[in-house]
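Inspection log for the structure reproduced underneath, given as structure tokens.
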Amino acid sequence: MKISRRHFIQSSTIAGLYYALPLQAQTNLGVVDQDQFLVQILVPGGMDVSLSLDPYIHSKYNTDQNDIFIEYRPDQILGSSSLKFGPACETLLPFINECVVINGIVMKRDVGHESLLNYIAAGSFDSAHLALESGHHLGKTNLGVLSAGQTQMGGRKVTVTPIQNLKELDRSISDLSYLDPSNSNMFGPHLNQIENLLDFNKNLTLLNESIKKARSDLQTDNVEIPIIIGSFLEGFSKSVILNLESVELDLELDTHSNHEATHLEAQTNAWNYIADIFQSFKQTEYKQGSLFDRTTFVVMSEFSRTPFLNGARGKDHNVFTNSVLIAGGKVKGNKSIGESKVIARGQNPTGQAIHIGKAFDFDLGQSVNDQGQNVGLIFPENVGKSFQTLFSDVDTFYPNLSTTKPIKGIFK
């Protein structure tokens, strides 16, 4: 049989994706029965947490605008007595019973956006990003960890598949029925490769159909969401790391000038996108519930912003406090853990106000005003180590953090 030019182009196209994807995916795409998933969302730029996860409650604190600039009214703070949301993340309200916020996380020192984003995402400066560490413990899948944006491997040998490689499956999948592996005379020593290529193409078609169905059912404009959901449902992956800088959002959060309204709008765009992910997972049936029930979500940014406006009416980097959102079916929701406080400019020798994390008692699981044996500040190491209870092999989860205290009371 002679292969036509059209068939040659089709074979070359699918072969290109075949070699672009990880080795495991080329031979045995798909894994059956998955109990849980993890979605790690990174919001780069430095979110002003007072607008979202750690709103400054007017009636409780000093609200001198030279100490902390607040651009919202008291009635714009929403939520419950145990968990408050600022106006930027109003769209999270429907999910409040499945959300936990950790406030008052201290980032130690300002070493730049990328390094601090990796720090909060990995729990230390040299560990794997949480999605990769989780992927290692959730078990091997053929597409491994899906990724939009760069990842920090931290020594973990985990397969990482860029979501970008899966965005145009329609163009990559071809009709390869003309390739007949029973014709050994035609392919000779290449028979094994042809059989693998056909199997790979068959499984890509299955994945593509699942993605298309998710896109149709959810009617979302966010192209990454159906890819993630389709991959999870078909067993091609169990975890994903999604850097929102890699998606089409207006996400200019590093507002050293013109902070008012500009930052609020950009941060609102980010939280709306995240709420869309939550709602899409809620709408997707999985086993006896929804995919949301089996997924743990964690949303992180590299630092907060200074409480007061600078001379350019902007807010600068603030590494003294940060906030993380954790959501999903395994979360003990509707509560915040940890606190921050504002030290007024008149109480600080530098003459500038500081927004800073409070001391935390890791045994009691609450913020305190005094010192003690198990009292300290919350660092990214504590946040990262807290995810160990999701996995059966607790002792090998972030082994370099073996002496780090986890935060209690996050998960069921």
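In this chain, numbering begins with 1 at the start of the sequence shown.
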Roughly how far, to the nearest 0.5 Å, is CG of Asp221 from CD of Glu248?
10.5 Å
Measure the shortest side-chain to side-chain distance between Ser50 and Lys315 over non-hydrogen atoms and say whether it is less than 4.5 angstrom.
yes
Pair Phe387 and Phe411, ring centroids less than 6.0 Å apart
yes
Hey, are Asn369 and Lys358 close enough side-chain-wise for a donor-acceptor pair under 3.5 Å?
yes
Check whether any side-chain N or O of Thr255 sits under 3.5 Å from a backbone N or O of His263 as a donor-acceptor pair, and report yes or no.
no
Answer yes or no: is there a side-chain heavy-atom contact under 4.5 Å between Leu207 and Leu143?
yes
Check: Ala148 main-chain N/O paired with Gln164 side-chain donor or acceptor under 3.5 Å
no
When you check the side-chain N and O atoms of Asn318 and Thr306, is any donor under 3.5 Å from an acceptor?
no
So Val101 and Phe85, side chain to side chain contact (heavy atoms under 4.5 Å, CB included) or not? Walk me through it.
CA-CA 10 Å; Val101 171; Phe85 288 138; 4.2 Å; yes
Backbone of Ser290 reached by a side-chain donor or acceptor of Asp293 within 3.5 Å
yes
Would you mind reporting whether Thr321 and Lys341 have side-chain heavy atoms less than 4.5 Å apart?
no
Leu51 versus Glu71: any side-chain heavy-atom pair under 4.5 Å?
yes
Kindly give the heavy-atom pair with the smallest separation between Ser127 and Asn400, and that separation in Å.
OG-ND2, 2.8 Å
Please confirm whether the backbone N or O of Gly144 pairs with a side-chain atom of Thr159, one donor and one acceptor, at under 3.5 Å?
no
Report, as yes or no, whether the 6.0 Å neighbourhood of atom CZ on Phe379 holds more than 12 heavy atoms from other residues, nucleotides or ligands.
yes
Please report the closest heavy-atom contact between Leu130 and Gln40, naming both atoms and the distance.
N-OE1, 3.3 Å
Applying side-chain contact (heavy atoms from CB on, under 4.5 Å), can you list everything that pairs with Pro399, at least two apart in sequence or on another chain?
Glu133, Arg156
Might you confirm whether atom CD of Gln366 has over 12 heavy atoms from other residues, nucleotides or ligands at distances under 6.0 Å?
yes
For Lys167 and Glu224, what are the C-alpha separation, side-chain angles and deciding distance, and is it a side chain to side chain contact (heavy atoms under 4.5 Å, CB included)?
CA-CA 8 Å; Lys167 284 187 175 180; Glu224 297 81 15; 3.4 Å; yes
Grab the two heavy atoms, one from Leu249 and one from Ala270, that are nearest each other, plus how far apart they are.
CD1-CA, 4.4 Å
For Leu38, is there any backbone N or O sitting under 3.5 Å from a side-chain donor or acceptor partner on Ser239?
no
Ion pair check, Asp35 and Lys287, cut-off under 4.0 Å
yes
Is atom CG of Asp370 surrounded by more than 12 heavy atoms (other residues, nucleotides or ligands) closer than 6.0 Å?
yes
Between Asn374 and Asp361, does any side-chain donor sit less than 3.5 Å from a side-chain acceptor?
no
Test item: side-chain donor near acceptor, Thr91 and Asn272, under 3.5 Å:
yes
May I ask you to check whether Phe308 and His355 place their ring centres under 6.0 Å from each other?
no
Does any part of the side chain of Thr262, heavy atoms only, come nearer than 4.5 Å to the side chain of Glu252, both counted from C-beta?
no
Just wondering, do Leu242 and Leu244 contact through their side chains at under 4.5 Å, heavy atoms?
yes
Shortest non-hydrogen contact between Ser280 and Leu218, atoms and distance:
O-CD2, 3.6 Å
Minimal heavy-atom distance between Met300 and Val298, with the atoms involved, is CE-CG2, 3.7 Å
Between Met107 and Ile120, is there a side-chain heavy-atom distance shorter than 4.5 Å?
yes
Is it true that a side-chain atom of Ser147 and a backbone atom of Gly149 form a donor plus acceptor pair closer than 3.5 Å?
yes
What orientation do His137 and Phe397 show, parallel under 30°, tilted 30 to 60°, or perpendicular over 60°?
tilted
Is the number of heavy atoms from other residues, nucleotides or ligands under 6.0 Å of Glu260 CD greater than 12?
yes
Mark yes or no for whether Asp67, through its side chain, and Pro307, through its backbone, hold a donor-acceptor pair below 3.5 Å.
no
Partners passing salt bridge (charged side-chain N to carboxylate O under 4.0 Å, His left out) against Lys405 (at least two apart in sequence or in another chain)
none
Could you list the residues that satisfy side-chain contact (heavy atoms from CB on, under 4.5 Å) with Thr404, not counting sequence neighbours?
Glu381, Asn382, Lys385, Leu401
Would you say the side chain of Arg109 lies within less than 4.5 Å of the side chain of Val319, judging by non-hydrogen atoms?
no
Say whether, by atom type as modelled, one donor and one acceptor occur between the side chain of Asn310 and the main chain of His256 under 3.5 angstrom.
yes
Derivation and outcome, side chain to side chain contact (heavy atoms under 4.5 Å, CB included), residues His113 and His317:
CA-CA 9 Å; His113 288 273; His317 302 175; 3.1 Å; yes
Can a donor-acceptor pair be found, under 3.5 Å and without considering hydrogens, that links the side chain of Glu245 to the backbone of Leu251?
no
dist Ile229:CD1 -> Leu291:CG (nearest 0.5 Å) comes out at 6.0 Å
Please step through side chain to side chain contact (heavy atoms under 4.5 Å, CB included) for the pair Phe278 and Leu92, ending with a clear verdict.
CA-CA 9 Å; Phe278 289 0; Leu92 292 185; 3.9 Å; yes
Could you state the interatomic distance from CD1 (Ile102) to CD1 (Ile378), rounded to the nearest 0.5 Å?
6.5 Å
For the CD atom on Glu90, are there more than 12 heavy atoms of other groups (residues, nucleotides or ligands in this structure) within a distance under 6.0 Å?
no
Expected output: side-chain Ser216 to main-chain Lys212 donor-acceptor under 3.5 Å
no
Result of checking Asp316, Asp48, Asp254 against Arg305 for side-chain hydrogen bond (donor to acceptor under 3.5 Å, both in side chains)
Asp254
Quick one: NZ on Lys84 to CG on Asp54, what's the gap to the nearest 0.5 Å?
12.5 Å
To the nearest 0.5 Å, what is the distance between OH (Tyr56) and CD1 (Ile70)?
7.0 Å
Write down the atom of Trp271, the atom of Ser52, and the distance for their closest heavy-atom approach.
NE1-CB, 3.5 Å
Atom pair CZ/CD1 of Phe297 and Ile274 - distance to nearest 0.5 Å
10.5 Å
Are Tyr286 and Phe37 an aromatic pair by the rule of ring centers under 6.0 Å?
yes
